[in-house]
Each structure stands twice: as structure tokens, then as C-alpha cells.
Amino acid sequence: MATEFQKRVWDALRLIPKGRVTTYKAIADHLGTRAVRAVGSAVGKNPYAPEVPCHRVVPSDGTLGNYSAPGGPKRKMELLAAEGIKVENGKIAGFETLLFEYERGREDG
DNA sequence: AGCGTGACGAACT
DNA sequence: TAGTTCGCCACGC
């Protein structure tokens, strides 16, 4: 079994719509933490790989980042391509456009 | 309880 | 623009 923190992360990944991508920063902020490291670490420990779209998570840099799964970042790129997300030169095509953000109940905009 | 590491981020040089 | 460094929180030993 995993810790509560990890479950928070994996649950957040499931909120990512298909054909979209999010950033570790967004998740970290969504969880209320500032350590994107802790998030990435939890994502990497994601045992529900096919159930949790960990491949839809990318750094704020717009790059693929890393991938612990058997295949490496290359496999991650193919997974994104299967979602309709194209990757060029190891970076997300239209990253800022496909970027998905979590709602925080903001009303001021 | 303390030290080192990690699927990152932002600032500095 | 590119490379390097510190900080962050949680996990494992």
C-alpha cells in the first residue's frame, strides 16, 4: 500500500483529461505542497500505470521529463502521441495549449 | 532520528 | 541562450 501523499498524486493524475497534459508544479500546488520533487517521486512510484496517466505529466519546461517505466522517456513520447499529443525535438507540441490545470475554486479569475 | 536521493522549479552566472 | 546551484517535501535505509 502507498502513503496518503502518493494517493493524492495518483488521484490528481486521473483528473487529467485525455489529449491534455499537466505539470508537476500544478499537482504539487493542487496538493498544497511546494516540493514538486515529492510529487514526481510519487508519480514514479505509481503502480497503477495504465490506470493513472502518469505519461500525461510533464515538467513546466514543456519537455517530456523522465520516465521510470520500461521504455524510458521515449515510451512516454509514444504514449502522448497515442493520445493525440505530438512531440517535437523531445518537447510537447502546443504544450501551453494542451496544458491542463486543476481548479482551486477561484472566482476572481 | 539523521542522511542521502529523486519522473522538478526558479534564480543566478 | 546555456549551464550550474540551491531548495523543496517525502521516502528508504
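All chains are named by letter (A, B, ...) in the order of the sequence lines, taking the proteins before the strands, and each is independently numbered beginning at 1.
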Separation of atom [atom1] in [X] from atom [atom2] in [N], rounded to whole Å:
X	N	atom1	atom2	result
A:I27	B:dG6	CD1	C1'	15 Å
A:D61	C:dT1	CG	P	13 Å
A:Y67	B:dG6	OH	C1'	17 Å
A:L99	B:dG9	CG	C1'	15 Å
A:H30	C:dC9	NE2	P	18 Å
A:R34	B:dG6	CZ	C1'	19 Å
A:K25	C:dC9	NZ	P	12 Å
A:L31	B:dC8	CG	P	16 Å

Could you check which of [options] has an atom nearest any side-chain atom of [X]?
X	options	result
A:T3	C:dC11, C:dC9, B:dG9	C:dC11
A:N66	B:dA10, B:dG6, B:dC8	B:dC8
A:A38	B:dC8, C:dA10, C:dG12	C:dA10
A:R37	B:dG6, C:dC11, B:dG9	B:dG6

Minimal heavy-atom distance between A:H30 and A:A12, with the atoms involved, is CD2-CB, 4.3 Å
How close do A:C54 and A:Y67 get, heavy atom to heavy atom, and via which atoms?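 Closest approach of A:C54 to A:Y67: SG-OH, 4.0 Å.
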Taking the nucleotide of DNA chain C with the nearest heavy atom to each, does A:F5 or A:V36 sit closer to the 5' end? A:V36
Both A:K45 and A:A35 contact DNA chain C. Taking the nearest nucleotide for each, which residue is further toward the 5' end? A:A35
Using side-chain heavy atoms (C-beta onward) and a distance below 4.5 Å, is A:Y102 in contact with A:I16?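 Heavy-atom side-chain distance check passes, below 4.5 Å.
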At under 4.0 Å between heavy atoms, what does A:T23 touch on the DNA or RNA strands: base, sugar-phosphate, or nothing? nothing
Walk me through whether A:R14 and A:E51 qualify under side chain to side chain contact (heavy atoms under 4.5 Å, CB included). CA-CA 8 Å; A:R14 294 177 60 84; A:E51 194 170 355; 3.0 Å; yes
Could you state whether A:V57 and A:F5 fall into the same hydrophobic cluster, counting links through intermediate Ile, Leu, Val, Met, Phe, Trp or Tyr residues with side-chain heavy atoms under 4.5 angstrom apart?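 Yes, because A:V57 and A:F5 connect within a single hydrophobic cluster, where side-chain heavy atoms sit under 4.5 Å apart.
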